Amino acid sequence: MKFFIINSFRAMVYVAYLAIIVCGVLLGIYQDGVFAAEYGLSGDLARVAEIAGFTIAGWILASVICGLIVAVLDIRDDINDRLPDARRDN
């Protein structure tokens, strides 16, 4: 059961990673060049710049968020593995 729970959390992290990146791409498409127009770009170049920028931002955010989740899960697993040893020493 523990094996299934740990792997389901890992699967959720993978799904969240891809979902955050997809949201970045969709946000870039949704903006339709408006955000990049503030920096002097126009037309198709503004749309491409926004899609690329939001994709990169989504990738960075996904890496940070999902990396922190995995780190916390690993810390939790390490603590749970060491608890029986700590209880035996008393």
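Every value quoted in this text rests on a predicted model; they were computed, and no experiment measured them.
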Worksheet item: Are I20 and V22 joined in one hydrophobic group, where the rule is that I, L, V, M, F, W and Y side chains link up if heavy atoms are under 4.5 Å apart?
Response: no
Worksheet item: Who passes salt bridge (Lys or Arg N to Asp or Glu O under 4.0 Å) against D74, sequence neighbours left out?
Response: R10
Worksheet entry | Hydrophobic cluster (4.5 angstrom, side-chain heavy atoms) - remaining members for L41 | L45
Worksheet item: What salt bridge (charged side-chain N to carboxylate O under 4.0 Å, His left out) pairs are there with at least one residue in residues 22-40, not counting sequence neighbours?
Response: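 Found D32-R47.
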Worksheet entry | For F35, all residues meeting side chain to side chain contact (heavy atoms under 4.5 Å, CB included), sequence neighbours excluded | Q31, Y39, E50, F54
Worksheet entry | Qualifying residues under side chain to side chain contact (heavy atoms under 4.5 Å, CB included), relative to V48, sequence neighbours excluded |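 Scan of V48 (side chain to side chain contact (heavy atoms under 4.5 Å, CB included), adjacent residues dropped) gives none.
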Worksheet entry | Minimal non-hydrogen separation, A46 against A36, with atom names |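 A46 and A36 have their closest heavy atoms at O-CB, 3.6 Å.
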Discussion item. Nearest 0.5 angstrom please: L26 CG to I21 CD1, how far?
Written reply: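 Between atom CG of L26 and atom CD1 of I21 there are 12.0 Å.
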Please tabulate, for side-chain N and O atoms in residues 58-68, each donor-acceptor pair with protein atoms closer than 3.5 Å (sequence neighbours left out).
unit_1	atom_1	unit_2	atom_2	d
W59	NE1	Y17	OH	3.0
S63	OG	Y17	OH	3.2
S63	OG	W59	O	2.9

